[in-house]
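Have a look at the structure below, then the notes.
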Amino acid sequence: MMNIDPIKNGIVIDHIKAGKSMELYHYLNLENLDCSIAIIKNAPSKKLGKKDIIKIDAAINIDLDVLGYIDPDITIDTIKDGVLVDKRHLELPEILTGVIKCKNPRCITSTEQELAHTFKLTDRENRVYRCIYCEAESNE
Amino acid sequence: MRSLINILDLSTGEIEELIQVANDIIKNPKAYSDKCRGKKLATLFFEPSTRTRLSFEAAMYELGGNVLGFSEAMSSSAAKGESVADTIKTVSCYADIIAMRHPKEGAPLVASMNTEIPIINAGDGGHNHPTQTLADLLTIYREKGSLNNFTIGFCGDLKFGRTVHSLIAALSRYEGIKVVLVSPKELRIPNYVKTELLEKNKIEFTETTELEEVISELDILYMTRVQRERFFSEEEYLRLKDSYILNEEKLINAKKDLAVMHPLPRVNEISVSVDNDDRACYFKQVLNGKYIRMALMLKLLEVE
């Protein structure tokens, strides 16, 4: 496996489904950070066969709901002074705000622009999210 | 303070309680004629619906309260571009309870998130209309004596009919319900109603295109309007439209105690001659709508 220097204070987003790291990079707006960021694609993984990893060399707040929605199998490692201090397993969030948009033209969110687009997980097994206002299923 | 946005906001126990209060109002209306003295209902109708608005207004007047509001968006600040949130915050300064009809789905939920007073969804686009469902449930209860153990047929436009979807959602929590879905194939019930309501709650259901084949099995027949514009072809419309018109001839094979319901307005899907049949319940449904709205407002206003 290719080596990237270990980070001292920061976050490692691990077990990303292979090929999903760039999507995640954009969802988390990582392009706006000026710290070092390493994106490792197709790294070997015992569990997944192949995986992506993102290493961020800065202690930032990550929107875990976004990550959980994109891929609930992701793990988040928090590194402090070179030591792993927290390892978090994600799951599909119950409520998702400001991540996906309701596309139903009859929904109140289509005319009231300031309303936050909020979705509720209605079927965990089949990963179904519905708009809390019009109950339309998200198709993103 | 609670609001009623979706029929499933109410537990079956609460629906039972509302039905009991409504039945008591029907028996003894005078006892309720002063219950809401000093209370004000605001009817905010961002799109016209004379029938529903008058039902709410009559309900509040019969409880001794007062009514204010508007009956179309053009006569409100919405025409000037005001948000639902701002309209509701303003009206909440004047009224104790709000009944709201809006063309956009979810608008009453937005309203309820922006006020401390109860909001009643009086219809939001093609989405929910919970007080119609309560009127339907009260009618079923009064006609059949229970909300359990009967076969109900839904006939007509089952694809776009929100009253049908809401009533199925409400009935899916009761025991021994069998559902017969009668519609042209273009207007079949949406798949999610089958999977998320009927199958999930193990409600027995069948689908057919012919009312006459199944009418003898039904305890309740819930008719809806089949509109010409819903069909893909004129030929198909002409071929099928009469199958969905209920007349005395079709009722010959129906049970003697069948209850024929319709959310109204009717166009021609129930022949006027059926109105004189004892099995016609649709005008009783209108009256029941007023009584259940009275019961609902008493509950939401926490009036003893």
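Lettering of chains follows the sequences in order, A, B, ..., and the numbering in each one begins at 1.
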| query | Tell me, do A:D123 and B:E196 make a side-chain contact under 4.5 Å, heavy atoms counted? | reply | no

| said: A quick test of your reading: do over 12 heavy atoms of other residues, nucleotides or ligands sit less than 6.0 Å from NZ of B:K194? | reply: yes

| remark: Here the pair of heavy atoms bringing B:V84 nearest to A:E112 is N-OE2, 2.9 Å

| query | Crowded around A:R124 CZ? As in, over 12 foreign heavy atoms under 6.0 Å? | reply | yes

| request: Would you check if there is a donor-acceptor pair between the side chains of B:K104 and A:S110 at a distance under 3.5 Å? | output: yes

| task | Nearest 0.5 Å please: distance from the CZ atom of A:R106 over to the CG atom of B:D124. | result | 11.0 Å

| What are the two closest heavy atoms between B:M113 and A:I132, and how far apart are they? | CE-CD1, 4.0 Å

| task | Using a cut-off of under 4.5 Å on heavy-atom pairs, state which of B:S83, B:G125, B:P103 scores highest against chain A. | result | B:S83

| query | Who among A:E114, A:R130, A:E137 has the most heavy-atom pairs with chain B under 4.5 Å? | reply | A:R130

| field | Closest non-hydrogen atom pair, A:I108 against B:G106 | value | CG2-C, 3.7 Å

| said: For A:D34, is the CG atom crowded, meaning more than 12 foreign heavy atoms sit under 6.0 Å from it? | reply: no

| query | Is it the case that more than 12 heavy atoms not belonging to A:N61 sit under 6.0 Å from its CG atom? | reply | no

| note | Exactly one of A:C131, A:C134, A:C102, A:P105 clears side-chain contact (heavy atoms from CB on, under 4.5 Å) with B:E105, and that residue is A:C134

